[in-house]
Amino acid sequence: PARHHDGVVLAVNSDRHLYALDAADGTQRWRTATENIEFGHLLVTAGIAVVGHPSGRLGVRVADGETMFHEPGHGNGARAQVSASGTVFQSGFPNGIRALDPTDGTVHWTVENEMGGVEIAHDDNTVCIVWNPNYQFSAPPWAIAGYDAESGERLWYLDGDPDVTNHVL
C-alpha cells in the first residue's frame, strides 16, 4: 500500500523497505529497512509512518526516515490498523487488539484472549472490531465488538448471524 503525506508518497515494498518519494517528481527522499516486514498495513499519523504486519510493527518519522520504534515478532504484528486522536489501534495480532503511541510505539492497552480482528474502525471514543469468535478468518459467524478507545474496556458485543456470509464494518 501507498500513502501520501505532506508532499511525500510512502510505500512498503516486497524488498522489505519503506520508501519515501517526493510526490511532485518521484525522487527518493529516503528508504528504511523493515527487516521482517513486507507489504504491511501503512498509515500516517502525527508525522509518523506506522507499518503493521503479522510479523511486526514499525514507526518511522516521515520528515527524515528515522526509525522511532521497531517491534519484530509475530506477537507484535497486526492484520489491520487505524488511527484516531493521536493513537494507533491495531488488531489481528495473536489474540487481541492494542492501542499504541505512534511516536514511540508505547502500548497504552491490550485486550487479549480474543481473536484479533480483520477490520477495525473508530469514532474517537469507540474502537470497533470485526472478528471471528470461532478463530476462522474466512468463515462466519463473524462478530462485532466495541471497545472504549481510552481504556480498552469492552462496551458492547454483537454476535454475527450464521446465515450471513459477509459482514461489513
Can you find a heavy atom in the side chain of [X] that is under 4.5 Å from one in the side chain of [Y]?
X: Leu58; Y: His70; answer: yes
X: Arg61; Y: Thr103; answer: no
X: Asn13; Y: Tyr19; answer: yes
X: Val82; Y: Gln90; answer: no
X: Val62; Y: Leu10; answer: yes
X: Leu18; Y: Trp30; answer: yes
X: Thr67; Y: Thr32; answer: yes

For Arg98, is there any backbone N or O sitting under 3.5 Å from a side-chain donor or acceptor partner on Thr110?
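Between the backbone of Arg98 and the side chain of Thr110 there is no qualifying donor-acceptor contact (under 3.5 Å).
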
Has Gln81 got a side-chain atom pairing as donor or acceptor with Val50's backbone, closer than 3.5 angstrom?
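Such a contact is found between Gln81 side chain and Val50 backbone.
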
What's the shortest heavy-atom distance between [X] and [Y], and which atoms?
X: Gly86; Y: Pro102; answer: O-CD, 3.2 Å
X: Ala145; Y: Arg154; answer: CB-NE, 4.4 Å
X: Ala23; Y: His4; answer: CB-NE2, 3.5 Å

Are [Y] and [X] linked, directly or through intermediate hydrophobic residues, by side-chain heavy-atom contacts shorter than 4.5 Å (ILVMFWY only)?
X: Val88; Y: Leu42; result: no
X: Val127; Y: Tyr157; result: yes
X: Val44; Y: Val9; result: no
X: Leu43; Y: Val60; result: no
X: Val107; Y: Ile97; result: no

Let's go through Ile48 and Met68 carefully: what are the C-alpha distance in whole Å and the side-chain angles of both, what is the deciding distance for side-chain contact (heavy atoms from CB on, under 4.5 Å) to 0.1 Å, and is it a yes or a no?
CA-CA 8 Å; Ile48 307 294; Met68 306 309 291; 3.7 Å; yes

From CH2 (Trp156) to OH (Tyr147), nearest 0.5 Å
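Between Trp156 CH2 and Tyr147 OH, I get 9.5 Å after rounding to 0.5 Å.
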
Euclidean distance, Arg3 CZ relative to Thr45 OG1, rounded to 0.5 Å
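Rounded to the nearest 0.5 Å, the OG1-CZ separation comes to 12.5 Å.
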
Quick one: list whatever passes side-chain contact (heavy atoms from CB on, under 4.5 Å) with [X], sequence neighbours left out.
X: Leu155; result: Thr126, Asp148
X: Ala99; result: Thr87, Phe89, His108, Trp109
X: Asn125; result: Asp123

